[in-house]
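Here the structure is laid out as structure tokens; the discussion comes afterwards.
Here is how names work: the chains are called A, B, and so on, in the same order as the sequence lines, proteins then strands, and each is numbered from 1. Every value quoted in this text rests on a predicted model; they were computed, and no experiment measured them.
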Amino acid sequence: MRVLEQLNQSLHAVMAERSDVLFIGEDVLDPYGGAFKVSKGLSTAFPDQVITTPISEASIVGLGTGLALQGYRPVVEIMFGDFITLIADQLVNQAAKMTWMYNRDLAVPIVVRTPMGGRRGYGPTHSQTLEKHFLGVPGLTVLAASQALDAGALLRIAIEEIDTPVLFVENKLLYARQAIEPGELDMRKSDAQVPTLTIGGGRPDFSIITYGDNLSLVLEAVAYLHEEEELNGEILMVHQVSPIDFEPLRVSVMTTRRVVVVEEGIEAHGWGAEVIAGLSDISLEAPPERVGARSLPIPAARGLEEQVLPQKQDVIDAVIRTVDRYHV
Amino acid sequence: MRVLEQLNQSLHAVMAERSDVLFIGEDVLDPYGGAFKVSKGLSTAFPDQVITTPISEASIVGLGTGLALQGYRPVVEIMFGDFITLIADQLVNQAAKMTWMYNRDLAVPIVVRTPMGGRRGYGPTHSQTLEKHFLGVPGLTVLAASQALDAGALLRIAIEEIDTPVLFVENKLLYARQAIEPGELDMRKSDAQVPTLTIGGGRPDFSIITYGDNLSLVLEAVAYLHEEEELNGEILMVHQVSPIDFEPLRVSVMTTRRVVVVEEGIEAHGWGAEVIAGLSDISLEAPPERVGARSLPIPAARGLEEQVLPQKQDVIDAVIRTVDRYHV
Amino acid sequence: MPVATENLSQILYRDMLLIRRTEEKILELFSAGKVGGTTHTCIGQEANAVALVGQLDRQRDFVVSNHRCHGHYLAYGGPLDGLLGEILGTANGVCGGRGGSQHIKYDRFQSNGVLGGGIPIACGMAMGEKLKGGDGITVVSIGDGALGEGTLYESLNMAALWDLPILFLVENNRYAQSTPLHLGVAGSIVDRARPFGIRADEIDTTDVEELLVWSSRAIEAVRLERKPHWAVMHTYRFSAHSKGDDTRDEDEVRAYQEKDPLRIQSARLNAEQLDEAEAWVRDVLGRALAACDAAGEAMKL
Amino acid sequence: MPVATENLSQILYRDMLLIRRTEEKILELFSAGKVGGTTHTCIGQEANAVALVGQLDRQRDFVVSNHRCHGHYLAYGGPLDGLLGEILGTANGVCGGRGGSQHIKYDRFQSNGVLGGGIPIACGMAMGEKLKGGDGITVVSIGDGALGEGTLYESLNMAALWDLPILFLVENNRYAQSTPLHLGVAGSIVDRARPFGIRADEIDTTDVEELLVWSSRAIEAVRLERKPHWAVMHTYRFSAHSKGDDTRDEDEVRAYQEKDPLRIQSARLNAEQLDEAEAWVRDVLGRALAACDAAGEAMKL
Ligand SMILES: Cc1ncc(C[n+]2csc(CCOP(=O)(O)OP(=O)(O)O)c2C)c(N)n1
Ligand SMILES: Cc1ncc(C[n+]2csc(CCOP(=O)(O)OP(=O)(O)O)c2C)c(N)n1
Ligand SMILES: [Mg+2]
Ligand SMILES: [Mg+2]
């Protein structure tokens, strides 16, 4: 099954079970079913639970927050992740603060879902990976779907189990990818509410820490390194991007003492910085490496976009640096 | 002179020299002169260059961007730094992208100034240190004023010399502090356009990297450590918060091999993470340390606020950990 | 507590007086350095709070207020000691001292200090009530200054599109902080909601009894028709925007003080009734402050 | 190139035809997989661009356009090969292939794909022109869907407060992506600017000559009176929102196609003139595409 269907079917299932789950967003009605079709069929099956909205990103998140305060569990779609800049105030200064600031046993279970990422030539305002600007916000949980963990199940956790606001990141390319079947890869699941996966068997030589759709290029890089360089990689697939559960990461890195963090967002001040800082008490064989986008807007032309976004070769090079390079 | 007067006088001087500098913001007219009085006297002296605006943070930044495109050098005041959430789209998706995205030799010299920070009991939406969410944005420069470098001169660099949009952070407590006179402290200036200061003489045992008003508590902590623990500290006062110029930081840390990063923002995914990641190829005697706020909103009550924001003792403890602790 | 013989005029006066004296006390505590941060008092605007918010039904109606929220909170029925404690940072604060003056939640009442931020949230609360088939309404209060925030118009559009049972209470006190109306607000206030197809009405009085009748119509319209309503009250504040930052013309302030809602209402009461009200307020306020003293500084995170 | 004997009707037709054929070509290139990303064509709306933007003075007027910007760009006088190159990602793109279909700058024209984002920027450009004492105007184009964004109302307020020489060109094509007007826009479009004290006018025609007269009045009003103007054009797009994502009723689309601006205008031309126009457009388009081929893929960062 593709990740798109996992998400869509999970929404169908949870909305059938619970009338308190509302789906809110722009252009989400059938037959259109949302810009990326995640909401396909929902408005037909659950006409009272789906609300198509004006193009008012800030206010539809506020709407969702108000509904959450009324006991609903709203799922708000922001059509492109690039537009989460418009909802920053609603998430940071409103939804995320309420429980603690009001000193109340107050759930604000709103899920804001949004497709992120490039590699489709959508250009500078429709290709970014902006969740890095929403990390480390007290009271806000940031999750990212992947091929490796049932994305529908992850979404269900966000909707049903997490009582803080959740920013739920879906990579655009992920929608069309096949979900990885259980058993297809050697992997262990941490037992946190939102699991981290440790992928790869044998005695690993290096750890790659990543999330989201980066897995696809990381898997290719790891395969290459295995075949060509006889290096064994262990991949840490994080699904809760913030706050980070460092435990499984530490376990791996304490074994390998070589670590590469891979993200699609701009490397500077990115997610990888926090990962590296959080592991910085571990003595490593080589400096930790980060792979991310260059500090430039994302250009539209394919040949240009490739030069800005991280590629498989960048991951390979970074891993090799952890084998060849030393601390100064 | 207080930092407030440095800023105010610099604005008076630059606006007298250049009619292309415009001052834009809420409640900035005399006799009120702005919520924190940075604009005092400007509207009287330069009535044609000062624009008091409706309460429309997003749009006054857009306004400034349009004016910048017309060849002006607008300075836009956001009354409290907490409201930069409202201008995220204008900065990230508009102003910061233009030059590169349009592939034009196009200056967008807008300066967005804003008072940040807590310790005044202003509560959860008027005390935050939110610039961390604006770091690592391509095309956006983030500066922070301090007592150690003439804040007026720094603001002038932002206005006159930097052609990208600038987010200029002023800590609220800083306004009332006396500027440090040249010679008052032993310090060296890097020769970047926006200098980093290296403060402290002798052979340093540890490096503290910080910015903004954190200097005041860092100086106290360093003095204490010197007197009570006979430890010599070197302080790296950064003024360009993003992108970071790592050179002076590296020079210090390569000497001391012990480093503490201090910021007022929430530690998780904060500025310190990037600093540590950027220095992670240097082999340290002890794990690098971060001091920042706890992952909570900033409470209003004084006794509570103190428990959330970093204190002098936190800096002292962190430095001592770099002496006592080892890598795992 | 209200005595059985109290009539409506007395009750309205007493409720306004409680707000007035509470705000005065808060300013006094600030001046004495007993409170940090900032605060926004509604002295001069008490009639709006009492007439409109005071008529809501706490069992079913919701209020989303802004930075100038004390009067709304008290009119809604929020406990006085909880408010004072919140502002003083004592452990009995209604939010444990976390929120402070601008960030208060009590039952179906909440406030936040970011202008415009609460408006779409209020729409969500109204929509929730609608979906549940309840007959509660949501009141969201904004000042003339908040007319500058885009979320307001996004919310008006949503409220109209979906027939949300929401009442927009617009208190035009002619200033946003230091900015007079004409420098911040172009055109008409009352008309701002009309292009969305929202009924709008305005009133220019500080007479609480007039306001009561007008508000009751506005509330009932929303409650019965389940549609948004835009209710503009032209008013004035006598106190500074927050603490001592007043740059308005003194003559202007004095002229408006002629229309002090308490003065207007006091004309309907006799001397004994006025004394009774003062005594009651003094007592209630005294007990609330004592409760704060007893609670001690908020120290629990 | 326009021949000396060409009359106004011919020129208008030819300019619209160039936009139409360009947009068709772009869709064709997309279908052929020659372009990535997305694009929004303005087929059906060409008359608006030609009538309004086409009348601006490139030496002094500014345009801030949105995602559906190709027609505005061409009517403004942007080079065709630069546009096609930008969309194809060839090195001759007007922004070197960085911006793509939605993010274009050429001279005083610029567009951006974030709805609502450009509106306050346009206000700043208008204010800059005003401060300089120039007589240029700024045109900012928005669709009915962008009426949902709060920055619009923040900008209307600013434009009115400061008498900015800005023309809000509102193209109501009855849909925002898949969302029909009545699900996204409450009340009246033309009235949305009026409470701010901004003059507003609307027109419901696809006849470019009617639009021309109406637009010229709107432009001159802004240019001479140095005040904002809200100009609503009711229109329709024949193409899909972007590429093939059309869920509108086919009969509805067909009915509107009766009012195809090209068809209306072609009735004013004879067969020879029509052929001439086609030939001219074919030639211009052919040369622009050849220029893209020659430039090769954009590879320089
Ligand atoms: C988004 C935002 N911008 C600015 C402020 C600072 N501020 C607080 S109150 C105020 C004036 C509000 O005026 P108005 O809405 O008329 O309410 P009033 O104070 O007159 O009751 C301002 C500018 C804020 N709290 N939030
Ligand atoms: C802030 C923002 N939200 C959503 C989108 C996605 N989007 C692009 S065009 C569009 C519809 C716009 O409708 P309208 O304004 O009527 O213009 P039209 O496409 O009809 O020309 C949407 C929702 C966007 N580009 N920007
Ligand atoms: Mg006001
Ligand atoms: Mg439209």
Side-chain angles (χ1 to χ4, degrees), chain C residues 114-123 126-127 142-164 166 168 170 172 176 179-202 226-230 232, chain D residues 114-123 126-127 142-164 166 168 170 172 176 179-202 226-230 232:
Chain C
V114 184
L115 295 172
I119 310 174
I121 296 172
C123 287
M127 178 177 264
I142 60 173
D144 47 291
L147 295 170
E149 293 291 351
T151 47
L152 171 60
Y153 307 90
E154 300 185 355
S155 296
L156 287 170
N157 193 39
M158 298 194 304
L161 276 174
W162 303 323
D163 282 339
L164 301 182
I166 183 168
F168 296 88
V170 186
N172 168 28
T179 303
L181 200 59
H182 72 276
L183 292 181
V185 181
S188 154
I189 295 179
V190 68
D191 284 349
R192 290 268 173 116
R194 289 189 169 133
F196 299 90
I198 293 178
R199 273 169 325 192
D201 199 4
E202 62 187 322
R226 316 306 293 160
K227 279 189 176 169
H229 186 85
W230 178 254
V232 181
Chain D
V114 185
L115 295 173
I119 309 174
I121 296 172
C123 287
M127 178 176 263
I142 60 174
D144 47 290
L147 295 171
E149 293 292 350
T151 47
L152 171 60
Y153 306 90
E154 300 186 355
S155 296
L156 287 170
N157 193 40
M158 298 194 305
L161 275 175
W162 303 322
D163 282 339
L164 301 182
I166 184 167
F168 296 88
V170 186
N172 169 28
T179 302
L181 200 59
H182 72 276
L183 292 182
V185 180
S188 155
I189 296 179
V190 68
D191 285 348
R192 290 267 174 119
R194 290 189 168 133
F196 299 90
I198 294 177
R199 275 169 324 193
D201 199 5
E202 62 187 322
R226 315 307 293 161
K227 279 188 177 169
H229 187 85
W230 178 254
V232 181

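When all heavy atoms of D/P195 and C/D191 are compared, the pair lying nearest together is CG-O, 3.4 Å. Residues D/H182 and C/L161 approach most closely at O-CD2, 3.4 Å, considering heavy atoms.
The choice from C/I198, C/N157, C/V185 that makes the most heavy-atom pairs within less than 4.5 Å of chain D is C/N157. Note: D/L183 leads D/L183, D/L152, D/V190 in heavy-atom pairs under 4.5 Å with chain C. Interface summary for chain C: among D/G116, D/A159, D/G148, the most heavy-atom pairs under 4.5 angstrom belong to D/G148.
Contact of the D/F196 side chain with the C/R192 side chain is registered, since non-hydrogen atoms from C-beta on lie closer than 4.5 Å.
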